[in-house]
Amino acid sequence: MNLRSPTLPSEWIDRTQPIQFTFEGKSYSGYAGDTITSALWAAGQSVLGRSFKYHRPRGILSLANHDINTLMQAGQQHNLRADVTPIVEGMQLTAVNTWGGVDRDRARLINQFSAFLPVGFYYKAFLDKVSFPFWEKVIRTMTGLGKVDFTTPRISTPKRYDFCDLLVVGAGPSGLSAALAAAERGADVVIVDENARAGGSGGYHYGTITQTANLLAAVAQHPQIRLYTDTTAAGYYADFWIPLVNPDYMVKMRAKSMIVASGAYEQPAVFRNNDLPGVMLASAGQRLLYRYAVKPAERVVILTANSDGYRAAIDMAKHDVTVAAVLDWRDRPSNSDLVAKVESFDIPVLTGHCFYEAIPNSSGDRVAAVIACPVDTEGNPQPERRQRIECDGVLVSVGWSPAANLLYQAGTKMRFDLELEQYVPEVLPPGIFACGRVNGVYDFAQKLLDGQRAGLAAATNLGLGSAETIAIAPASESPTHPYPIVAHPKGKNFVDFDEDLQLKDFHHAIQEGFDNIELLKRYSTVGMGPSQGRHSNMNAIRILARSLGKTPAEVGTTTARPFFHPVPISHLAGRSFLPERFTPLHQLHQDLGAVFMLAGQWRRPEYYRPPARNPASPLSPPELGDFKSGSPQNWEATALGGFPDLKQVAWARGAKDHSCKEFYVQPNQSREQCIQAEVNAVRQQVGLIDVGTLGKLELRREQCIQAEVNAVRQQVGLIDVGTLGKLELRGPAAAEFLERVYGGRYANLKVGISRYALMLDEAGVVIDDGVIARLGAEHFYSTTTTSGAAAVYRELSRLNTIWQLDCGIVNLTGARSAVNLAGPQAQCVLAKLTSLDLSGTAFPYLGVREGLVAGIPALLMRVGFVGEWGYEIHVAAEYGPALWSALIEAGAKVGIRPFGVEAQRLLRLEKGHLIIGQDTDGLTTPREAGLNWAIKLDKPFFVGLRSLQVLAKQPLKQKLVGFRLPQDFASTPPQECCLVIEGTEIAGRVTSIAFSPTLDHYIGLAYVKPELNLGDRFSIRTPEGSLVTATVCPTPFYDPESLRQKVEAAQPEAERSALKGRRVSPLHGLSSDDKTGQITIADLSSRPRFGVKGSGAAAWLASLLLPIPDRPNTWLPLDQDSLIARLGLNEYLIESESAWTKFIANQNFPVQVYPVLRQDAAIALSGPAVNELLLQTCNINFQVLNLAERPLVITTMVGVTVQVIPITVNGEVTYRIWCDGTFGPYLYQTLLKVAHDLGAPDIQPIHKLVKETP
Amino acid sequence: MKLMTCPVNGTRPISEFICGGELRPMPDPNQVDDETWADYVFHRNGAAGIKAEWWCHTPSNTWFVAERNTQIDQVLRTYLYGQEEQS
């Protein structure tokens, strides 16, 4: 059977491009523009899928994605909706959920047993512990749509933002008319339509095609309108935030108003065998014909209850389809002109008739006849007067249901209109409008008017023009039959085609007491299939209403939730932005073999695996090793000879345990060549292979850490502490502010001295700690924990917003690099690099000094966190690498070693120092943690004081103590968070525990009952369940008298190098591909810049003869390429060589002027695709900014805080972007990746090492 | 995604903001009894209604006050702390 029509002017197919594909192993051909369904239907394939429950053959129902009769799989793409999926050359399709193919699905036998699958089957089956596992197994085998191919590659789907004034959902006649009306008033309009082409019902309705084409032409030419086809508005979220889903990606549209012109879903009539292939909705037949030039059948019978069915009859008759009869369910058709027109084609019109059932052909794969019968005055069928009408197709047009999902989600109040037999909007939320069928308007001319009305109303709402009244004529007929449902003693009259729900299922459910629409939905699962009730909800409401003797309005509707339509997981997962922070020393750590760990957003060295040296090795140096994961350093453990297959040793073992080196990379050699060379070396000379990693990875990590600990205890170590929060406070009230915020006393702190600082919340709970250093009478520098930095700065800002004290807080966390040089040799190493007097008397423990280290301006603090003589050295981030390298070089002779976070944890534990957040929790008070020494309860006020006063009257519930395990303890040790057990009760928990190589036994900290004293014993339960006895012992475990802070190292002869620190860009060393292309990214980090903030900043800058932007978040150009930008109310960023020179010369800042060290990663973005790059990375509409006003935007881009200035250079817009240098690498590389996806970017050379210290 | 208007930086998606909780004046710690203080520290009024809340535009670290009808989740107005009359 070939159902393809001759060429039609309206068709979407391109007959010059035939396309071959297979379905269920058979070859088919169609044309470009065909969907899978249209191509198969044209070839006479009527069974396109099998139903979910009874495996009944199914064909076309809606051809509009309102049903899932035709779900198919093509390789890794599953659950393709064949009705709307275009065919592609070579596509190999199968129907889902069949046992042995769609034509002879063995599971069709279930159809015979439908009586044993009653409504609520799941609830009835899963009754007890015996039936649950049985039925679960059966149902899991029987059900499921499509098969997941786990080899499907990960796809990084782009996501993008977009913006418009007005979003019109639906490009049918009313939507197009609305868009034009609003755009004419000046609105920026976007129209989306889920179909491949716009036009909606205007493209396939008799008499409306030309007018619709004219509308489309007008829209296409309108500069204010963007039309996106193949795009679904998948949901409505607050403030006009609408995900638009197209086949390739998701757009997060932010509109200012929305018009829903989404039309209506045609509703099936319910009669026996209404699901037979060949029985379809009339609109489906029209779409098939007009869009794809495919006839629904050779000879059709039409069942209708409105004018649409008559129009369909005319469409069919005009295109060579025999219409055997038109049956009108109504006694009296409303439009006699249409009746006459139909009858002029010699088509019999039987009024007051309906279908009793459809009859399948002998093979059961298509309709062969219908049984029609008259209805009584109530509309009920009278089967005793039935007649048979032969046909091979049936078109049904008995009613519509509004596609109101988005309206519901936006909070529209709907009412059931008894004239229309349809829900229509009653109260629309502000900014939301509806027109066309969803608004109950069906006549073509009235739809255009209704669209115009909605478009003008939306424009008025946007402030474009004034309100106009447009009257819409009331409908001349109800387009919907009030009860298009026919009972049949043999059933199989389907209401829900997804879930195979028959009429009787509803009656049974209602009888069983599920007589509320929400209960009925959940019990029967109506509307819960993939088509979400588009074709079934309304009939379900009618059945329930009639059963209860109520109106549909009284029954109500179920809740419509996003998404409107299934959205692929790949679209939702999409490209995600998870910023990572790198300290300025990151590359140096990498070079040193650091193994990194995540600390919040930071990547920190957990420990270092230094490259091993083995001079005897004939192989390449292991530094060049290409590690699969982990790395073999245990070169002492050599073993060679006797390997049966050396090739296997060379590489297969790596694959086996993923811990060994695969091979050693040689320059300019392929992998195979490298491996062969290794094999040859062993065969002919001698080879060396690491076998030390076998099952010993954990130990090896411990070895690295212990070596680092030993270095700090015995020689000297260096750790990157740049992740600490670093704040600078200036102003007459800075001391007062700190007194209020922290528990200790800072007003009496001497200049040049630091003091431990403990921060509490209002409940008296410890939330953060750090060190506060006094640099001047009104100048403090404080550190916070790594994890607390952002929150502490934010909270301090909030507190001073309330207190209004005369001081300013500057967050230097990312702008400063910091290292801790610690160990007996620290003094001696540092002395080589600075002229500061480092003697214990001149620079005592807790002292703070400012001076040059290796020629770099630095702040030095004598600290003792790890329990050794140590200096925390803070410098501008750009000098961090130079400082680190200088220290490593200076310490080389005394065995300096970088140490990581793990070694530091052990060192501080030996010293009994707490880590806030590890040794404290969200309820810990200073008294419990033994930190009362750090707070001064006699101060008049600090945050948390009042609560501590209350708590002081209450008995202590627990306390933190040090403990040790017996010297000979050798089994599995307890871990952090293991419980302290007393009898059978929990009596506390371990917060820290580690083996101390210095003390040669396990030490730890634990919360225990306050009654325990030094020397008392308590039990800890290990992860295996056994109890270990621990002894309470004093802390610090190591060096309790802090003698290490007093023993000075022999000061070497000062051999201070005249090193000059080199500045390094935060983007130093990042890969740079260069290609001509759509995007240019330039690194401008090296430009001189500084910041100032505070209420006196503007006046002070003016005194440097700089112009001041008069509005917040604007900027002014300075000489050459430089500029001054105002960030918010009182902060300024100046990027200018000459201004910077003045700034450096003027370091005396008056009150209320606070300098801000700027160590930004600064980039410039430009190129033809720059807008697209911004839309994919930043939720800001830069297109609407007026560049003449010189705007500056402070926002986030790829999750990173940025300051952005669009600058017009030679007519092209360049975006200058600044961000915290520690986020720079992430921002830069992420932009680069997106740019690559958009087309090859042109990356200007990275400025690697910039200039010498001035 | 909801929008929020920062008095300095303008209207932005709410992902750029954090909420700092209801604006609650601290009672004078030297005057109140323990129970009143505990009530201030630990108790929050969850009843729906119009509330003044602390919000912070995090990219610019701008704290401000938002008056929000928590029953319908509608922001009525926003202003910088202490500048209520100018809003």
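Here is how names work: the chains are called A, B, and so on, in the same order as the sequence lines, proteins then strands, and each is numbered from 1.
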[X] portion near chain B, given a 4.5 angstrom heavy-atom threshold:
X	value
A/Phe941	side chain
A/Ile1180	side chain
A/Asn1113	side chain
A/Lys252	neither

**Report entry** Neighbour count >12 (heavy atoms, 6.0 Å) for atom CD, B/Gln71
**Finding:**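 Not more than 12 within 6.0 Å, no.
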Report task. Inspect the surroundings of CD in B/Glu35 and state if more than 12 heavy atoms from other residues, nucleotides or ligands are less than 6.0 Å away. Result ->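 Not more than 12 within 6.0 Å, no.
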Is the shortest side-chain heavy-atom distance between [X] and [Y] below 4.5 Å?
X	Y	value
A/Trp241	B/Lys2	no
B/Cys56	A/Arg798	no
A/Val1193	B/Arg12	yes
A/Phe240	B/Leu3	no
A/Arg946	B/Met26	no

Requested in this report: I would like to know whether A/Leu1129 and B/Leu80 meet side-chain contact (heavy atoms from CB on, under 4.5 Å); could you show each step before the answer?
Outcome: CA-CA 11 Å; A/Leu1129 295 174; B/Leu80 293 176; 3.7 Å; yes
Query - For chain A, which residues of residues 60-68 of chain B have heavy atoms nearer than 4.5 angstrom - result: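 Hits under 4.5 Å: B/Ser60, B/Asn61, B/Trp63.
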Query - Contact summary for A/Ser947 and B/Val41, nearest pair of heavy atoms - result: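 Minimum heavy-atom separation between A/Ser947 and B/Val41: OG-CG2, 3.9 Å.
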Query raised in the report: Given A/Lys953 and B/Asp34, is the side-chain contact (heavy atoms from CB on, under 4.5 Å) satisfied, shown in steps?
Result: CA-CA 11 Å; A/Lys953 298 177 208 161; B/Asp34 290 358; 2.5 Å; yes
Query raised in the report: Does any heavy atom of chain A fall under 4.5 Å from the side chain of B/Asp28, the backbone, both, or neither of them?
Result: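 Nothing of B/Asp28, per the 4.5 Å heavy-atom cut-off to chain A.
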Query raised in the report: Quick one: what part of B/Ile14 sits under 4.5 Å from any heavy atom of chain A, side chain, backbone, both or neither?
Result: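 Neither part; nothing is under 4.5 Å.
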Report task. Any chance you could lay out the side-chain contact (heavy atoms from CB on, under 4.5 Å) test for B/Glu16 and A/Thr1196, step after step, and finish with the verdict? Result -> CA-CA 7 Å; B/Glu16 289 194 7; A/Thr1196 59; 4.0 Å; yes
